[in-house]
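What follows is a single structure, written as structure tokens, with notes after it.
Please read all numbers here as calculations on a predicted model, not as lab measurements. Side chains included, hydrogens not; waters and symmetry mates left out as well; all remaining heavy atoms used. Below, chain A is the first sequence line, B the second, and so on; all start at residue 1.
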There are 2 protein chains.
Amino acid sequence: MQSLARGLEVVRAFGAERPEMTLSEVAKATGLSRASARRFLLTLVELDYARTDGRLFSLTPRVLELGYAYLSGLSLTEVAQPHVEDLVARVHESSSVAVLDRADIVYVVRVPTKRIMTVAISVGTRFPAYATSMGRVLLAGLEQAEVEKLLARSDLAALTPLTTTDPDELLRVIAEVRSKGYAMTDQELEAGLRSLAVPIRDRRGKVIAAMNVSAQAPRVSMIQLEREFLAPLLEAAARIEADLPK
Amino acid sequence: MQSLARGLEVVRAFGAERPEMTLSEVAKATGLSRASARRFLLTLVELDYARTDGRLFSLTPRVLELGYAYLSGLSLTEVAQPHVEDLVARVHESSSVAVLDRADIVYVVRVPTKRIMTVAISVGTRFPAYATSMGRVLLAGLEQAEVEKLLARSDLAALTPLTTTDPDELLRVIAEVRSKGYAMTDQELEAGLRSLAVPIRDRRGKVIAAMNVSAQAPRVSMIQLEREFLAPLLEAAARIEADLPK
DNA sequence: CTAGGATGTTCGCAATGCGAACGAAAATGC
DNA sequence: GCATTTTCGTTCGCATTGCGAACATCCTAG
């Protein structure tokens, strides 16, 4: 059913650097003919997912309803949010919950304290799993073969000088996460950012999400991160697991 | 272009109370024939926006990318987030930014402190504009005729005993918001919740969003809300406006 | 003012996607 | 436990939707 596929592509074409596009720009960005792009855009406008002043097209807040359909169906977010808030109140550092989508992590709950990263994180933000503490926890929850397949497909770029990019080394780290029960990263995603993550499991023990605490490197050493935050983080994760339905 | 329209309907059919559905349930929820529902669902699975175990279908985190296309294009979120975080650090109450979509407000930035409402709010959450402080600020930013049209279309339900539901009274309140430059609500959306909101305007003076501070009724009186939080909130909004591009 | 290039729109044809009809599986009745 | 009804998932021929070549229109430059 290609119309749906193409239509969704059109929506996604409106990214960070192109909030507004003309018909032709959309056509170029999606690889569609201008005629097709026009039909999709007019339909999106008709449905109120997009606006146009006649020349420029842009998305409306209505598209958030689509993502919201997922989030509100995910009882995890509802259950986790108060516990993430409590943890933040307790440790005074930012905390989040993320799930895995292929080789990316996707934030589903986020409670920031002070600004910590250069890039703003919100619900829906994605990062490559291999370079994040939550990602490694989530990968550790998969079958070994699955992990290897995902890593093989990813291009393991060095996002900072400290990023682990060697596949074998990553597999070793993930194995360690699996045995220890938590993951720590030291400025592997962004300089100055340290993070500690633990898994959230369903009743059958399957890892369904990860929860983290992140802190600024100058303020918190790796040893502090583990000593001060691991226990509260594990407790918060346990409370979330206890509240999960079924 | 009905395929796109119907496909998006299918995505939205997965709401809070139906995270998982069978083919027939989806058909019933959307009004499509079972055959059509099947084609859309299989396409969504193919595109990785949905999963299935053969019988039950559910959405994947990938659908968040669609909403994210909107959010990341909205420079407002990026600009506003650090200022909202600063405000929360300063006043120790939850703060948010929302935009208007027809007669609803939609949260685009949210920084919670302690749990304040029974229902979890996240980016993408919607509430009827008429019953919220941010909604009234946003309505006050529209043409009078537009406001009247929107209110006429809404069914003004009493969400709490204190909700203003009389259309004429609401128009009066909105006029007052327009002249005062801010809106306050006292437990009109949910019992125990008070909220104060101010507009965020673009360079041309057009109201593009609203920013609020909300607090629990037992802890903060309406007078306190105004005395203690109005100035910091106005300052934060002004800083956001100053940072807006162009 | 005219030529060239790019953007937006129309329209006939073909492929996509529609739903009636079919088969399979579960629920109900006896 | 078997027959019957109801519900669910799937197939397939036909009509409609959506495709893109071709046309029209708007800028830009010389």
Side-chain angles (χ1 to χ4, degrees), chain A residues 1-60 62-63 65-66 69-70 73 246, chain B residues 1-60 62-63 65-66 69-70 73-75 204 245-246:
Chain A
M1 193 152 224
Q2 64 169 212
S3 312
L4 179 56
R6 291 179 169 190
L8 294 173
E9 267 309 305
V10 169
V11 172
R12 291 179 46 179
F14 291 88
E17 293 313 314
R18 310 145 148 182
E20 293 185 320
M21 285 195 277
T22 64
L23 188 160
S24 298
E25 286 171 335
V26 170
K28 196 173 293 173
T30 55
L32 296 172
S33 69
R34 289 195 308 280
S36 299
R38 181 170 184 266
R39 271 172 280 133
F40 285 107
L41 287 169
L42 292 180
T43 304
L44 289 172
V45 169
E46 180 70 24
L47 299 172
D48 258 315
Y49 288 105
R51 286 183 212 286
T52 179
D53 63 354
R55 203 162 38 201
L56 289 168
F57 291 81
S58 60
L59 298 178
T60 69
R62 180 160 291 250
V63 296
E65 278 185 20
L66 299 170
Y70 166 75
K246 219 176 70 164
Chain B
M1 193 151 224
Q2 64 168 215
S3 312
L4 178 56
R6 291 179 169 189
L8 294 173
E9 268 308 305
V10 169
V11 172
R12 292 179 46 179
F14 291 88
E17 292 312 315
R18 311 145 147 180
E20 293 186 322
M21 286 194 277
T22 66
L23 189 159
S24 298
E25 286 170 334
V26 171
K28 196 173 293 173
T30 55
L32 296 172
S33 70
R34 289 195 308 280
S36 299
R38 181 171 184 264
R39 284 190 301 272
F40 285 107
L41 287 168
L42 292 180
T43 303
L44 288 172
V45 169
E46 180 69 24
L47 298 172
D48 258 314
Y49 288 105
R51 287 182 211 287
T52 179
D53 62 354
R55 202 161 41 199
L56 288 169
F57 292 82
S58 59
L59 297 178
T60 69
R62 181 161 290 249
V63 295
E65 278 185 19
L66 299 170
Y70 166 75
L74 198 67
S75 63
R204 287 171 304 181
K246 220 174 69 160

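One distance of note links CD of A:Glu20 with CD of A:Glu25; it measures 9.5 Å at 0.5 Å rounding. With rounding to the nearest 0.5 Å, the separation of OG1 in B:Thr60 from OH in B:Tyr49 is 8.5 Å. Summarising the geometry, atom CD belonging to A:Gln2 is positioned 12.5 Å from atom CD belonging to A:Glu9; distances are rounded to the nearest 0.5 Å. Here CG of B:Leu23 is found 5.5 Å from CZ of B:Phe57. Values are rounded to the nearest 0.5 Å. The structure places CZ of A:Arg6 at 8.5 Å from OG1 of A:Thr30, a figure rounded to the nearest 0.5 Å. Note that CG of A:Leu59 and CG of A:Leu44 are 7.5 Å apart. Values are rounded to the nearest 0.5 Å.
The span of DNA chain C lying next to chain A, judged by atoms under 4.0 Å from heavy atoms, is bounded 5' to 3' by C:dT7 to C:dC18.
Both A:Ala35 and B:Ala35 lie close to DNA chain D; mapped to their nearest nucleotides by heavy-atom distance, the more 5′-ward contact belongs to B:Ala35. Ranked by how close their nearest DNA chain C nucleotide is to the 5' end, A:Arg38 and A:Gln2 are led by A:Arg38.
Comparing the end axes of the helix from C:dC1-D:dG30 to C:dC30-D:dG1, each fitted to five base pairs by superposing C1' atoms of four pairs onto the next four, gives an inter-axis angle of 40° (nearest 10 degrees).
Taking atom CG of residue B:Asp53 and atom P of nucleotide D:dG9, one finds them 11 Å apart after rounding to whole Å. Between the CG atom of B:Leu42 and the P atom of D:dG9 there is a distance of 11 Å, rounded to whole Å.
Residues A:Val10 and A:Leu32 approach most closely at CG2-CD1, 3.8 Å, considering heavy atoms. The heavy-atom pair separating B:Met21 from B:Ala29 by the smallest distance is SD-CB, 4.4 Å. Residue B:Val11 comes nearest to A:Ala69 through the heavy atom pair O-CB, 3.6 Å, listed as atom of the first residue, atom of the second, then distance.
In this view, B:Arg55 satisfies the salt bridge (charged side-chain N to carboxylate O under 4.0 Å, His left out) rule with no residue, not counting sequence neighbours. Every residue was checked against the salt bridge (charged side-chain N to carboxylate O under 4.0 Å, His left out) condition with A:Arg18, not counting sequence neighbours, and none meets it.
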At a cut-off of 3.5 Å, list every protein nitrogen or oxygen paired with a nitrogen or oxygen from nucleotides 22-27 of chain D, distance to 0.1 Å.
none

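Taking every side-chain heavy atom of B:Thr22 into account, D:dG9 is the closest of D:dG9, D:dT10, D:dA21.
Looking at residues 24-33 of chain B, you'll see B:Ser33 sit with a heavy atom under 4.0 Å from some atom of DNA chain C.
Judged by distance alone, with hydrogens and angles left aside, the side-chain atoms of B:Thr43 form a donor-acceptor pair with the main-chain N or O of B:Arg39 at under 3.5 Å.
With a 4.5 Å cut-off on side-chain heavy atoms, B:Ser75 and B:Pro245 count as touching.
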